[in-house]
Amino acid sequence: MRDGFIKVAAATPDVLVADCVHNRQAIVEKAREMAKNGAKVLVFPELCLTGYTCQDLFWQETLLHRTEEELKIMQRELQDIDGLIFIGLPLRHKGKLYNAAAVLNQGRILGFVPKHHLPNYAEFYEARYFVPGQAFDGYVDWQGEKVPFGMNLLFHCAEVPGLCVAAEICEDLWAPNPPSIFHAMAGATLIVNLSASDETTGKDAYRRELVSGQSARLICGYVYATAGNGESTQDLVFGGQNLIAENGTVLREAKRFANETIYGEIDVERLESERRRISTWQPESKEEHTQIYFHVKEEQTPLSRFFDPSPFVPEDKTDRDRRCDEILTIQAMGLKKRLDHTGSKAAVLGISGGLDSTLALLVTARAFDLCGLDRSRITAVTMPCFGTTDRTYTNACELTRRLGASLREVDIKKAVLQHFEDIGHDYEDHSVTFENAQARERTQVIMDIANSLGGLVIGTGDLSELALGWATYNGDHMSMYGVNGSVPKTLVRHLVRYYADTCKEPELAAILEDVLDTPVSPELLPPKDGVISQKTEDLVGPYELHDFFLYYMMRFQYGPGKIYRIARIAFAGMYHDEVILKWLKKFYWRFFSQQFKRSCLPDGPKVGSVAVSPRGDLRMPSDACVRIWMDELDTLG
């Protein structure tokens, strides 16, 4: 349960209709299996103790009495089970019969939750047997205890403060005003649903979307357990489509018609963080809900959920291509508006033959097409200096020509050497001054060319560089519009590749492929034997790691320890733990120390869920101290 993860399970036992003895045994067996696998919240289907399809047998005193007796036996048998267990059964209360869930913890019944929305249409006739549950309807006298009875019961875990569980039953979710809405607004972070939803063609997709959508709308975890094989097939078939979802993402789904048990880990800390972040999420009073506490043993939850090592990049090619086209359009539309607003008919950018400047040029070309402007009004400036290689120079020139932009070459060696002389810097001293002087000279050149043409300077720096502060202040850090500012380095590569795959120009595609194969480098140090001598990732670390760190720190506010834990899972077999920790420390140090560069970023379009604009996602003081984050990192490893 460390880091806010809680393991949950949904099971469909093999029931026999009206045989509550057999069903009790099947439920206990499943509960033990789930507990053995580490689940702390265990959910069974609607009316599973008797079977959902008993029909008029629900009026039989023999069935109702034996169901209660079997529940008492089950309490004794589940005393040693560590967790919160939800079991569906018919329950008599105040002279009426309810479709209810019994909620057990370590053998005690903590509450009974009745179903409110009773379907009585098509194949459903629940109102024939049951009455609707109410928010709170007193107490059930159960083995000498007063057990709360009502829809509005919230079950709080004493050992995991953010874990608050509430239940609804089947049709409750399908209604216009599901009880889960009010439960979540009262603080529930996990909703469980005991269901018996029969199968008709296409219903599985609707059911999946319903569960996923509700978890997204309520920013909660959602565990859905439904009836399967074993129910009567007199007129219906039940498929056991169990589902576990979290904030719009389906974490696990059972194979239909197989009575599977599924497991997943709900990230309660993530849900709480998301609710705090979103200002339109407004909690309501808990006064109408009864608060009930339960206990579980404190232990670390083994994680089986998937953590994508490339969270900014969709794994599926169709989704990835769609995302790439959308992002290129957002970038281009942002620049189009800026060109229209300023009346600029020209654009200027530095072209190096690297990925970032290549993407910026592709976006600028698309923006000019949208504006109806000739691409020749785009001036791509190549500015060779001490570190420029023939490979990147050639690619920069050929790319510009193939796109129909204007190419201009300004060799800055003499200007930089003169600058070294002016400030008394030794050429053999390849320190940060040696590098930054070149970057600032290049920025001055393109700014002045833009002024002479009445155009805008287009920034090329990407999100990953901004997060690490890997930019020269008032050098490549500055522009008049930064089209790449919210695009992470791992995604830049896919955007360029998508353009290469879809441009239908073999010569242009070949250049883009070579750009993709070129090592990432600022090319500020002299090459060795004509080969790039300065590789960025050797200095700051792998961008795929940094993008992963950035995503989980910014998007979900994870702490260093939690990021390290999930990074070890995501990059297992790719990076050793000590390597991940090394670069995670570097990431945090650079992120905090370089905020001053982000505090004065130029305008640029936001394209995804993470950005560092001081006018948007990141309002952070430039002199914030990293100490407590580094303290936590020092305890790891």
Side-chain angles (χ1 to χ4, degrees), residues 1-2 4-16 19-45 47-50 66-89 91 100-113 140-148 153-161 163-167 190 192 194 221 223 225 242 244 252 259-266 268 291-304:
M1 297 175 288
R2 187 164 63 84
F5 291 110
I6 188 78
K7 191 164 190 175
V8 300
T12 301
D14 296 317
V15 302
L16 295 178
D19 188 345
C20 47
V21 178
H22 167 87
N23 297 341
R24 183 258 302 165
Q25 294 169 341
I27 292 168
V28 169
E29 181 180 348
K30 283 288 185 185
R32 291 193 175 282
E33 173 191 312
M34 290 190 283
K36 184 178 180 180
N37 283 295
K40 300 298 182 182
V41 178
L42 298 69
V43 188
F44 290 95
L47 295 170
C48 62
L49 191 48
T50 56
R66 191 57 181 267
T67 299
E68 293 169 357
E69 292 304 309
E70 293 303 315
L71 180 59
K72 293 173 184 176
I73 295 171
M74 192 181 302
Q75 285 183 255
R76 296 193 295 272
E77 293 180 329
L78 296 178
Q79 284 182 8
D80 60 336
I81 298 299
D82 182 46
L84 194 66
I85 310 174
F86 291 82
I87 300 166
L89 77 163
L91 184 70
V103 187
L104 286 74
N105 176 230
Q106 298 173 354
R108 289 188 60 233
I109 294 182
L110 303 183
F112 291 106
V113 180
V140 174
D141 290 320
W142 188 264
Q143 293 189 289
E145 289 192 40
K146 297 285 188 181
V147 178
L153 304 184
L154 295 181
F155 301 92
H156 296 268
C157 182
E159 291 72 27
V160 184
L163 178 60
C164 177
V165 190
L190 177 63
V192 303
L194 298 79
V223 183
N242 299 329
I244 298 173
R252 293 287 187 277
N259 283 15
E260 281 192 339
T261 301
I262 58 172
Y263 301 88
E265 298 88 40
I266 300 296
V268 177
Q291 316 296 320
I292 302 168
Y293 284 83
F294 69 97
H295 296 274
V296 294
K297 295 175 183 176
E298 294 188 61
E299 56 191 24
Q300 180 167 305
T301 303
L303 299 180
S304 62

Note: Glu145-Arg108 ion pair, threshold 4.0 Å (strictly below)
yes
For the side chain to side chain contact (heavy atoms under 4.5 Å, CB included) test, which of Leu42, Val223, Val165 pairs with Phe86?
Val165
Salt bridge (charged side-chain N to carboxylate O under 4.0 Å, His left out) with Arg66: which of Glu68, Glu69, Glu70?
Glu70
Euclidean distance, Asn259 CG relative to Lys30 NZ, rounded to 0.5 Å:
7.0 Å
Nearest atoms (heavy-atom pairs only) where Ala39 meets Val8
CB-C, 4.3 Å
Going from CG on Leu89 to CD1 on Ile27, what distance comes out if it is rounded to the nearest 0.5 angstrom?
9.0 Å
Suppose we screen for salt bridge (Lys or Arg N to Asp or Glu O under 4.0 Å). Which residues come up paired with Glu159, at least two apart in sequence or across chains?
none
As an exercise, state the distance from CG of Leu78 to CD1 of Ile73, rounded to the nearest 0.5 Å.
11.5 Å
Exercise: do Glu265 and Ser304 side chains pair donor with acceptor under 3.5 Å
yes
One should read off an interatomic distance between Ile87 CD1 and Leu194 CG, to the nearest 0.5 angstrom, of 9.0 Å
We want to know whether Gln291 and His156 form a side-chain donor-acceptor pair, criterion being a heavy-atom distance below 3.5 angstrom.
yes
With salt bridge (Lys or Arg N to Asp or Glu O under 4.0 Å) as the criterion, how do Arg2 and Glu298 come out once you've worked through the C-alpha distance, each side chain's angles and the decisive distance to 0.1 Å?
CA-CA 8 Å; Arg2 187 164 63 84; Glu298 294 188 61; over 6 Å; no
Could you grab the distance from atom CZ of Phe155 to atom CD1 of Ile292, nearest 0.5 Å is fine?
4.0 Å
Do Lys7 and Tyr263 meet the cation-pi criteria used here (NZ or CZ under 6.0 Å from the six-membered ring centre, within 45° of the axis)?
yes
Among side-chain atoms of Thr50 and Asn23, is any donor-acceptor pair under 3.5 angstrom?
no
More than 12 heavy atoms of other residues, nucleotides or ligands under 6.0 Å from CD of Glu29: yes or no?
no
Look at the side chain of Asn37 and the backbone N and O of Glu33, then say whether any donor-acceptor pair between them is shorter than 3.5 Å.
yes
For a quick test of reading the model, state the closest non-hydrogen atom pair linking Ala166 to Leu154 and the distance between them.
CB-CD2, 3.8 Å
Closest non-hydrogen contact found for Ala26 with Pro13 is CB-CB, 4.1 Å
Value rounded to 0.5 Å, distance of CD in Gln106 from CG in Asp82:
5.5 Å
What are the two closest non-hydrogen atoms of Arg252 and Ile262, and how far apart are they?
O-CD1, 3.9 Å
Which of Leu163, Leu104, Val103 passes side chain to side chain contact (heavy atoms under 4.5 Å, CB included) with Phe294? Answer is Leu163
If I compare all heavy atoms of Gly83 with all of Asn105, which pair ends up nearest, and what's the gap?
O-ND2, 2.9 Å
